[in-house]
Amino acid sequence: MEIIKTQVALRDLVTALKNEGKTVGLVPTMGALHNGHLQLVKRCVKENDVCIVSIFVNPTQFNDKNDLAKYPRTLEADAKMLEENNCYAIFAPEVDEIYDSTELNSTFEFDFNGLDKVMEGKFRPGHFNGVVQIVGKLFELSTPDKAYFGEKDFQQLAIIRHMVATKKYPIEIIGCPIVREESGLALSSRNMLLSANEKDIATNIYKTLKESVGFQQIKNVAETIDWVVAKINNIEGLRVEYFEIVNGNTLQSVKDWNDANYIVGCVTVFCGAVRLIDNIQYK
Ligand code: PAF
């Protein structure tokens, strides 16, 4: 398995592979890999001749500099895990290989058609501009046939699908189900930042979401939102930033369970200082 550091080397590798008639799958990540990422990698390996994983902690998607500084960086362990899982190459560039200073100091403009105005977009202004900026660069450099993303980042997945449609990239976007610990806690690189006690407390996020799925028969949407927020906030150490019940395609809030055929509840919760996200499908 090769570790590639430059854009030129990545382009050369992909060109050579395509000249040999090979299909290429890409798994974009920020590293600190866990079993959730590995499920994406396994699927990518199965469905393509070659699987490339990018590892890049993208500074332009962090609106909080502290969060960027704290983000776990574990390249050596990541590489070992990827080698064991038949990854063909890792693209792990330095920041100055990807961005010039103008890009680093300005916001990347993109028409999100409103998808960035809700949920994560409301609380992390500029976050999705950075996501679209880096994912667009990765797509243009590696020209994959397929690219793999987790459904835990539900809004990110919708935005990437929108970007691919807008830019007419010939790339199939594959969304993969959330991977959970036995306790129900959604796997996330940020879980590494939780103490053992916080990790235990954080299991209440999914427990609460799961319990609320049955509410469609007995509560309306507003009552369900109030119940979920109150239940999580009542647990010491947890604080809900937002919980929204939305149309899974447009990400706009629904008022009634009959407003859409695909309805998802998306939550962000602070467990101590660690910001965790999760979601659940209602229908
Ligand atoms: O989901 C992530 O890890 C990141 O947002 C991504 C897609 C790798 C872009 O930096």
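All ligand and atom numbering here is 1-based and tracks the order in the structure.
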**Item:** Residues forming a side-chain contact (heavy atoms from CB on, under 4.5 Å) with Phe270, sequence neighbours excluded
**Value:**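 Phe270 satisfies side-chain contact (heavy atoms from CB on, under 4.5 Å) with Arg239, Glu241, Arg275 once adjacent residues are dropped.
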
**Message:** Tell me if a side-chain donor or acceptor on Asn129 pairs with a main-chain N or O of Glu109 at a distance below 3.5 Å.
**Reply:**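 Not at all, since once roles are kept as given, no pair shorter than 3.5 Å links the two residues.
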
**Request:** Using atom types as modelled and distance alone, determine if a side-chain donor or acceptor of Lys18 lies under 3.5 Å from a backbone N or O of Thr143.
**Result:**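 It does hold such a pair.
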
**Prompt:** Between Glu47 and Tyr148, is a side chain to side chain donor-acceptor pair (under 3.5 Å) present by the stated rule, with each step listed?
**Reply:** CA-CA 11 Å; Glu47 296 179 354; Tyr148 297 78; 2.8 Å; yes

Run through all N or O atoms in ligand 1 and write down each protein N or O closer than 3.5 Å, as a pair with its distance.
residue	atom	partner	partner atom	Å
ligand 1	1 (O)	Gln156	NE2	2.8
ligand 1	5 (O)	Gln61	NE2	2.9
ligand 1	5 (O)	Gln156	OE1	2.7
ligand 1	10 (O)	Gln61	OE1	2.6

**Prompt:** What's in the same ILVMFWY side-chain cluster as Ile178, cut-off under 4.5 Å, chained through other members?
**Reply:**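 In the cluster with Ile178 there is nothing else; it is isolated.
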
**Asked** Rest of the hydrophobic cluster containing Phe62 (Ile/Leu/Val/Met/Phe/Trp/Tyr, side-chain heavy atoms under 4.5 Å)?
**Response**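 Cluster partners of Phe62: Met30, Val57, Leu68, Tyr71.
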
